[in-house]
Amino acid sequence: MLERHVRGRTVRGVRLSGLRLREAVPRDLPARLRGRRLEAVRRLGKYLLVDFSGGVTLLSHLGMSGRWLFHPTPPRGREPHVHARIAFADGSALWFQDPRRFGLLRARDTASMDQDPALATLGPDPLGSPPSGPGLAEIARGARVSVKNFLLDQKRIAGIGNIYASEILHRAGVDPRRAAGRLAVREWDAVARLTRVVLGEAVERMGTTFGSYRTLWNEPGSYGERLFVYDRAGEPCRSCGGPIRRIVQGQRSTYFCASCQPRRPRRGAAAAKTVRTAVSRRPRARG
DNA sequence: ATCCTATCCTGTAGGC
DNA sequence: TGCCTACAGGATAGGA
């Protein structure tokens with residue numbers, strides 16, 4: 001989406017706020033990007049990578065409140081919390097705005113970007129290299145962490161955040177409190193499939209605006225219309241009408257429907273029981 | 001090794 | 001209206 005609006009543009013200059021984000025923004029960013037042509041935009045998990053001519057890549061993460069804004073003609077007034085302004089030669093601009101400053105901006109050679117610590121430990125991206133059900137079962141083997149917190153762990157699978165973890169588990173019919181290592185392969189099949197569905201649709205719809213997130217054009221993302229459970233505590237489940245519950249896991253909210261997501265897999269999932277037992281009895285995975 | 005907690009920061013919503 | 005607290009889309013260092 002971003003790519004078709006900015007590819008081919010040449011950087012005239014970059015201005016930084018000087019404020020620290022999750023880590024300090026490299027002070028040589030303007031010097032590294034000036035005069036270069038923007039060649040590609042890629043996504044890996046929650047990271048956005050912008051490749052420039054001359055083999056330089058800008059790595060970014062929005063954190064909780066970050067956003068990239070594209071301005072065909074940038075506003076003149078003082079906009080708050082804008083930490084990087086990339087001005088293009090044609091007068092347009094790309095801004096990184098982040099009130100909470102949990103975001104990240106980093107630059108390095110394109111060739112070695114894979115080795116950046118932020119990316120090196122990332123698990124498979126569900127859209128780029130979709131994991132299979134058995135693949136996920138393997139990654140989860142022996143894990144005692146809840147399946148909700150498992151899905152949030154970027155080292156295991158990349159790109160799932162707090163909203164989509166609840167949405168994926170609801171659509172897969174899996175109770176978020178169950179230990180990840182105890183899910184049956186057929187349940188992982190469902191989780192893998194619905195992860196692709198949910199994240200794919202979320203990307204298409206430019207995300208979920210909850211509060212203040214905005215797309216490139218400063219508009220709300222429309223995934224909010226598609227939410228089945230997130231932020232709907234006490235409201236009726238869109239599948240069965242039962243009440244949506246809110247619980248806290250790892251200090252973060254989880255939303256689910258107890259009847260659509262039973263503690264024990266439903267009957268009809270009888271085959272699952274056998275597999276689950278077999279998986280949980282295997283020796284722990286070793287690093 | 002695995003899991004959990006606290007922490008970074010600002011804005012907003014709700015109670016009083 | 002103002003003041004207070006709780007909570008918010010994330011990652012990670014450090015401790016149990």
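Just so we're on the same page: letters track the sequence lines, and every chain starts at 1.
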Check: On a whole-Å scale, what distance lies between the P atoms belonging to B:dC9 and C:dC3?
Finding: 23 Å
Notebook entry, point to check: What interatomic distance, in whole Å, is found between P of C:dA11 and the corresponding atom of B:dA1?
Noted result: 22 Å
Notebook entry, point to check: From B:dG11, B:dC9, B:dC4, pick the nucleotide closest to the side chain of A:Val145?
Noted result: B:dC4
Next item on the list: Look at the side chain of A:Phe102 and decide which nucleotide, out of B:dC8, B:dT10, C:dA8, has an atom nearest to it.
Entry: B:dC8
Next item on the list: Identify whether any heavy atom of A:Arg20 sits under 4.0 Å from a base atom; if not, whether one sits that close to sugar-phosphate; answer base, sugar-phosphate or nothing.
Entry: nothing
Note to self: Under 4.0 Å, heavy atoms only, any strand: does A:Arg101 hit a base, just the sugar-phosphate, or nothing?
What the structure shows: sugar-phosphate
Check: Distance check: side-chain N/O of A:His81 vs OP1/OP2 of B:dC9, anything under 4.0 Å?
Finding: no
Item checked: NZ/NE/NH1/NH2 to OD/OE distance under 4.0 Å, A:Glu3 and A:Arg42 -> no
Notebook entry, point to check: Heavy atoms under 4.0 Å, any strand shown: does A:Gly250 hit a base, just sugar-phosphate, or nothing?
Noted result: nothing
Check: Can you find a donor-acceptor pair, distance only, under 3.5 Å between A:Gln251 side chain and B:dA6 base?
Finding: yes
Check: Given atom CG of A:Asp116 and atom C1' of C:dA11, what is their separation to the nearest angstrom?
Finding: 14 Å
Margin query: Tell me whether the side-chain N/O atoms of A:Arg100 come closer than 4.0 Å to OP1 or OP2 in B:dT7.
Written below: no
Check: DNA chain C: A:Ala118 or A:Arg246, which has the more 5' nearest nucleotide?
Finding: A:Arg246
Next item on the list: Compute whether any side-chain donor of one residue and acceptor of the other, for A:Gln249 and A:Thr254, lie under 3.5 angstrom apart.
Entry: yes
Checklist line | A:Ser253 side-chain N/O to C:dA8 phosphate OP1/OP2 under 4.0 Å | finding: yes
Notebook entry, point to check: Do NZ/NE/NH1/NH2 and the carboxylate oxygens of A:Arg32 and A:Asp109 come within less than 4.0 Å?
Noted result: yes
Item checked: Side chain of A:Tyr255 - closest among B:dC9, C:dA11, C:dA8 -> C:dA8
